[in-house]
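Reading through the structure tokens given below for one structure.
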Amino acid sequence: MNAGKECRIVLTRTLPGPVIELFHNSCSCLVNPDERTWGREEILRQVREHAADALLVMAMDRIDAGLIEALPDTVRVIATFSVGHDHIDFAAARARGIAVLSTPDVLSDAVADLGMLLLLGAARRAFEAMRLIYGRTWTGWSPTQMIGRDVSGGRLGIVGMGRIGRAIARRARHGFGMEMHYHNRTRLAAGLEDGATFHARLDDLLPLSDFLMLAAPATPDTRGLLNARSIDKLPNGAVVANVSRGDLVDDEALIAALGSGRVMAAGLDVFNGEPAIHEGYLGLPNLFLQPHQGSSTIETRLPMGTLLLDSVARVRAGETVANRLA
Ligand code: DGY
């Protein structure tokens, strides 16, 4: 659907070519031309100057109460180009009657693919292996070289069984024959469990998680969920992956466990304080790190853009949309 020629949107970052083209064809767009995150004052200035009625933001923008309260009355919609929404103050948006939209569903497969990449990359020591090649230190095949762990047939515990968690579970169970366990705020309907065993308590999931996947949203309840205490409950030599948000992890605790071998390896796509990364990670070999790119495929970025364009238009037309969060 066309968001309406009269729709005026400010985008805090540009989008991949075909996606930004869609926006330009549908609305009057003002786009941040740089790969630099705008601060609060810059966002407000652009929104005011463009008399925007929608603001399209990214996961790294802090859309806090102060910013929302200072938005001009023209702004009726805040749309985030992400499924994560911990960067937006919903209460402040509700208080101003501003709709908040996100991009659920359309990115679940891409993020789940990356989740499997993290598990595989960590368990099969992909970073160390590549260093052998690029460091020109590989001396040839050896039966003792780079011994990792089989993901296939392993036991995977997923924390957070939303759309992304379930997409990972499908791949792990049907593609890799993994035994599935999960912890979630509520138990899934039987039809959605797909053979995964529910654990109401995180502490009951952890000892079964030879592989542990963090896929829960960042909330005050999940902050620092992977810490010294919870790591201690994992099987020795577990492999950990995080596709959610960095603040689910206590970095110091994970770095210590990776250093001692208590955790064999970790695959991380997200970090506390991105784009900064705790220095402790950078000295360790048993990591497989990605720069927050779970949804970064053209097949996914296009529908993310289409979904937001469509839902901005519907909200402006007074319709109800499924991806409205506030
Ligand atoms: C999301 O959609 O939340 C991804 O983490 C990208 O920001």
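Remember, it's 1-based here, ligands and their atoms both numbered in the order they're listed.
Residue pairs that meet the ring-ring contact (aromatic ring centres under 6.0 Å, His included) test with at least one member in residues 182-227, sequence neighbours left out, are His181-His199, Tyr182-Phe198. Sorted by first then second residue, the salt bridge (Lys or Arg N to Asp or Glu O under 4.0 Å) pairs that include residues 288-299, not counting sequence neighbours, number zero.
Judged by distance alone, the side chain of Asn286 and the main-chain N or O of Met264 form a donor-acceptor pair under 3.5 Å.
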Which atom pairs, donor and acceptor, lie under 3.5 Å between side-chain atoms of residues 131-139 and protein residues at least two apart or in another chain?
{"unit_1": "Thr137", "atom_1": "OG1", "unit_2": "Leu132", "atom_2": "O", "d": "3.4"}
{"unit_1": "Trp138", "atom_1": "NE1", "unit_2": "Gly140", "atom_2": "O", "d": "3.4"}
{"unit_1": "Trp138", "atom_1": "NE1", "unit_2": "Gln145", "atom_2": "OE1", "d": "2.8"}

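The two residues Asn272 and Val249 make their nearest non-hydrogen contact at ND2-O, 3.0 Å.
Among protein residues, Ala59, Ser82, Val83, Gly84, Leu107, Arg245, His292 come within 4.0 Å of ligand 1, judged on heavy atoms.
In this structure the side chain of Arg166 never reaches within 4.5 angstrom of the side chain of Asp194, judged on heavy atoms.
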